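None of the values given here were measured: they were computed from a predicted structure.
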Amino acid sequence: MVLLRSFAQLTVLLFQSGWWWVAPSPTDEGALRTGHGDHGEPGHQEHHKDSYSTFASEFLESRYLSDDGYPFPTAPPVDPFAKIKVSDCGVTKGCIRYGKPGCDAETCDYFLSYRRIGTDVEFEMSADTDGWVAVGFSSDKKMGGDDVMGCVHDDNGRVRIHHFYNVGQWAKEIKRNPARDEEGIFENNRVTCRFKRPLYVPREETLVDLHLSWYYLFAWGPAIQGSITRHDIDSPPVSDHMISIYKYEDIFMPSTAYQTFNSPICLLLIVALTFYLLMGTP
């Protein structure tokens with residue numbers, strides 16, 4: 001009690017001596033001495049601007065303005081999606097192209113590239129679609145029991161990497177997704193993406209080891225609210241041989257429109273027609 005009483009007395013003395021009083025500014029002192037404010041009316045006093053608000057406003061101005069008085073530039077944008085280089089195909093990465101002769105990652109109906117980076121494999125995919133593009137790893141060229149990686153364009157404009165497993169003719173999404181460092185873009189009515197996946201994975205039914213050779217299944221098609229639907233063509237293309245991740249090939253597969261004159265029946269008809277024209281009618 002004695003200590004509390006002493007503290008209270010000390011507080012009163014400090015207030016009376018003016019130690020805790022904020023000193024008025026020169027303008028305020030002049031107004032107080034004359035008893036007139038800026039309006040010349042007796043008893044009117046201008047409210048004093050506290051030093052903290054003044055400091056805060058000056059600090060904010062100096063924080064967001066450069067020395068020349070101009071606003072500081074905003075943060076730089078996120079790095080854009082780096083275009084896929086087809087000049088590296090067959091040299092530093094393997095490529096599969098499906099479409100018209102001479103097409104590239106921006107003009108092929110479907111494009112895939114792969115290359116090893118340390119203990120990972122980097123894949124790049126692109127297809128002429130506004131929905132999804134995927135690659136499957138198969139042991140028999142047929143859909144069913146396949147490990148599939150797909151890039152899906154959702155309703156928010158984003159392209160996300162998903163992991164699927166083919167159950168018969170149906171692709172089931174798998175929660176465990178081995179993809180990392182994923183990028184994706186939807187531009188010029190094309191879905192394009194890039195991601196990495198480990199070369200070796202623990203043995204599991206829905207994941208395959210990429211250090212082994214597999215037939216590659218290629219597919220693309222529309223998506224509804226970020227979910228894939230049936231692929232665009234009834235018989236999606238498949239690599240004609242098993243692909244090794246250690247061999248960088250540059251494979252071209254002509255699309256259906258450019259396969260017409262390669263079929264045996266068409267060739268036979270062309271030969272028969274040529275012979276008929278050369279020999280003439282009897």
Side-chain angles (χ1 to χ4, degrees), residues 83-115 121-144 146-153 164 166 169 171 185-194 210 213-223 228-275 277:
K83 289 188 176 182
I84 298 175
K85 294 182 179 179
V86 296
S87 58
D88 296 336
C89 292
V91 182
T92 59
K93 64 182 179 183
C95 297
I96 296 97
R97 319 180 200 201
Y98 177 86
K100 63 182 179 180
C103 66
D104 57 25
E106 297 179 1
T107 57
C108 286
D109 294 351
Y110 179 99
F111 178 91
L112 170 77
S113 78
Y114 60 89
R115 65 169 176 160
V121 180
E122 182 185 74
F123 289 98
E124 297 173 314
M125 285 193 289
S126 180
D128 184 14
T129 179
D130 61 357
W132 58 273
V133 55
V135 58
F137 310 104
S138 173
S139 60
D140 57 5
K141 284 190 174 184
K142 299 178 182 179
M143 185 175 179
D146 313 307
D147 179 1
V148 178
M149 300 299 298
C151 305
V152 185
H153 175 224
F164 301 94
N166 284 340
Q169 299 295 309
I185 187 173
F186 177 69
E187 191 174 53
N188 298 326
N189 201 47
R190 292 189 70 89
V191 174
T192 306
C193 63
R194 180 184 294 114
L210 293 177
S213 297
W214 303 94
Y215 290 106
Y216 280 25
L217 313 178
F218 314 112
W220 62 98
I228 66 173
T229 60
R230 182 175 172 78
H231 37 69
D232 277 346
I233 54 182
D234 292 333
S235 299
V238 183
S239 62
D240 60 1
H241 63 276
M242 285 188 167
I243 294 177
S244 170
I245 212 73
Y246 297 98
K247 185 178 181 181
Y248 293 156
E249 303 179 75
D250 189 4
I251 302 170
F252 171 72
M253 304 171 63
S255 60
T256 305
Y258 299 94
Q259 293 175 3
T260 305
F261 297 104
N262 292 330
S263 66
I265 296 177
C266 287
L267 290 176
L268 183 60
L269 290 174
I270 292 173
V271 171
L273 180 61
T274 303
F275 180 79
L277 293 175

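- D140 places a side-chain N or O within 3.5 Å of a backbone atom of K142 that can act as its donor or acceptor partner.
- In this structure, P237 and M253 approach most closely via the heavy-atom pair CB-CE, 3.7 Å.
- In this structure, W132 contributes its side chain and H153 its backbone to no donor-acceptor pair below 3.5 Å.
- Between the side chain of S239 and the backbone N or O of M242, no donor-acceptor pair lies under 3.5 Å.
- A donor-acceptor pair under 3.5 Å is formed between the side chain of K93 and the backbone N or O of K85.
- Side chain of T129 to main chain of G221: a donor-acceptor pair is present (N/O by atom type, distance under 3.5 Å, no hydrogens or angles).
- Applying the salt bridge (charged side-chain N to carboxylate O under 4.0 Å, His left out) test to every pair with at least one member in residues 97-113, sequence neighbours left out, gives these pairs: K83-E106, R97-D250.
- Every residue meeting the side-chain contact (heavy atoms from CB on, under 4.5 Å) condition with I245, not counting sequence neighbours, appears here in chain and number order: Y114, R116, V121, F123, L199, Y216.
- Looking at residues two or more places apart in sequence or on another chain, you find a ring pair (Phe, Tyr, Trp, His ring centres under 6.0 Å) between Y110 and F218, W220.
- Formation of a donor-acceptor pair under 3.5 Å by the S126 side chain with backbone atoms of A105 is found in this model.
- The shortest side-chain heavy-atom distance between I96 and V135 does not fall under the 4.5 Å cut-off.
- Using modelled atom types, no side-chain atom of D88 and backbone atom of V86 make a donor-acceptor pair closer than 3.5 Å.
- Distance check: T256 OG1 to Y98 OH gives 3.5 Å after rounding to the nearest 0.5 Å.
- You'll find the side chain of D147 stays beyond 4.5 Å of the side chain of W214, heavy atoms only.
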